[in-house]
S.K.: 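Quick one: this structure, given as structure tokens, is what I'll be asking you about.
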Amino acid sequence: MNLYVSNLGFNFQTEELATLFMEYGAVSSAKVIVDKFTNRSKGFGFVEMPNQQEAEKAINELNGREVDGRSINVSEARPPRENTRYSNRY
DNA sequence: ACTGAGCGC
């Protein structure tokens with residue numbers, strides 16, 4: 001399950017994100033989007049968790065949680081294209 | 001390129 005984490009602090013890094021989510025379950029991959037020019041965090045990232053139960057638990061526990069003085073927002077990322085009707089691929 | 005809505009290369 002892919003997770004989208006936003007409202008992160010600019011000092012938040014990928015390893016911090018991985019460590020945070022591994023507390024609630026297995027994390028296959030985690031990445032914080034970083035600006036190419038400034039090498040600073042853009043304030044959001046992605047976490048992939050193979051176990052859906054742990055993923056949902058991580059969402060419930062980490063969504064709205066205060067990290068680095070800010071309340072982070074955790075939700076499902078890049079929802080599966082179930083609705084191909086609304087996804088136009090030309 | 002130094003900040004605050006957003007979806008990765």
Side-chain angles (χ1 to χ4, degrees):
Chain A
M1 181 173 185
N2 291 341
L3 269 41
Y4 173 67
V5 188
S6 60
N7 200 252
L8 295 171
F10 294 122
N11 305 79
F12 212 74
Q13 304 177 37
T14 296
E15 42 185 27
E16 299 292 329
L17 185 65
T19 304
L20 184 64
F21 277 81
M22 283 192 301
E23 296 178 2
Y24 297 94
V27 175
S28 58
S29 68
K31 183 170 69 175
V32 171
I33 308 306
V34 177
D35 188 74
K36 330 173 192 58
F37 303 104
T38 62
N39 287 331
R40 305 298 180 191
S41 172
K42 281 190 176 181
F44 69 94
F46 295 91
V47 177
E48 184 176 358
M49 300 183 72
N51 196 329
Q52 186 173 355
Q53 308 177 33
E54 296 177 346
E56 292 180 352
K57 181 173 59 179
I59 293 178
N60 293 324
E61 294 294 332
L62 295 176
N63 186 25
R65 218 51 181 174
E66 182 176 324
V67 177
D68 194 46
R70 286 191 172 270
S71 201
I72 67 175
N73 179 267
V74 182
S75 61
E76 184 178 359
R78 289 299 188 100
R81 307 98 163 114
E82 299 179 10
N83 291 327
T84 53
R85 295 173 299 192
Y86 300 104
S87 298
N88 296 329
R89 299 178 176 278
Y90 294 109

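Residue numbering restarts at 1 for every chain, and letters A, B, ... go by the order of the sequence lines. The model shown is predicted, which means the values in this text are computed figures rather than measured ones.
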S.K.: Ignoring hydrogens and angles, tell me if any N or O in the side chain of Glu54(A) forms a donor-acceptor pair with the backbone of Ala26(A) under 3.5 Å.
M.R.: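 Yes, because the side chain of Glu54(A) sits within donor-acceptor range (under 3.5 Å) of the backbone of Ala26(A).
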S.K.: Provide the full list of side chain to side chain donor-acceptor pair (under 3.5 Å) pairs with a residue in residues 57-70 of chain A, sequence neighbours left out, each pair given once.
M.R.: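 Sorted pair list: Asn63(A)-Asn73(A).
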S.K.: Enumerate the ring pair (Phe, Tyr, Trp, His ring centres under 6.0 Å) contacts for residues 9-44 of chain A, please, sequence neighbours excluded, ordered by first and then second residue.
M.R.: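 Counting only pairs at least two positions apart or across chains, the ring pair (Phe, Tyr, Trp, His ring centres under 6.0 Å) contacts touching residues 9-44 of chain A are Tyr4(A)-Phe44(A).
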S.K.: For nucleotides 2-9 of chain B, read 5' to 3', which letter fits each nucleotide if B means a protein heavy atom sits under 4.0 Å from the base, S means only the sugar-phosphate is that close, and - means neither?
M.R.: BBBBBBB-
S.K.: Can you check whether Val32(A)'s main-chain N or O pairs, donor with acceptor, with Thr14(A)'s side chain at less than 3.5 Å?
M.R.: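 Such a contact is found between Thr14(A) side chain and Val32(A) backbone.
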S.K.: What's the shortest heavy-atom distance between Met49(A) and Val27(A), and which atoms?
M.R.: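 The answer is CG-CG2, 4.2 Å.
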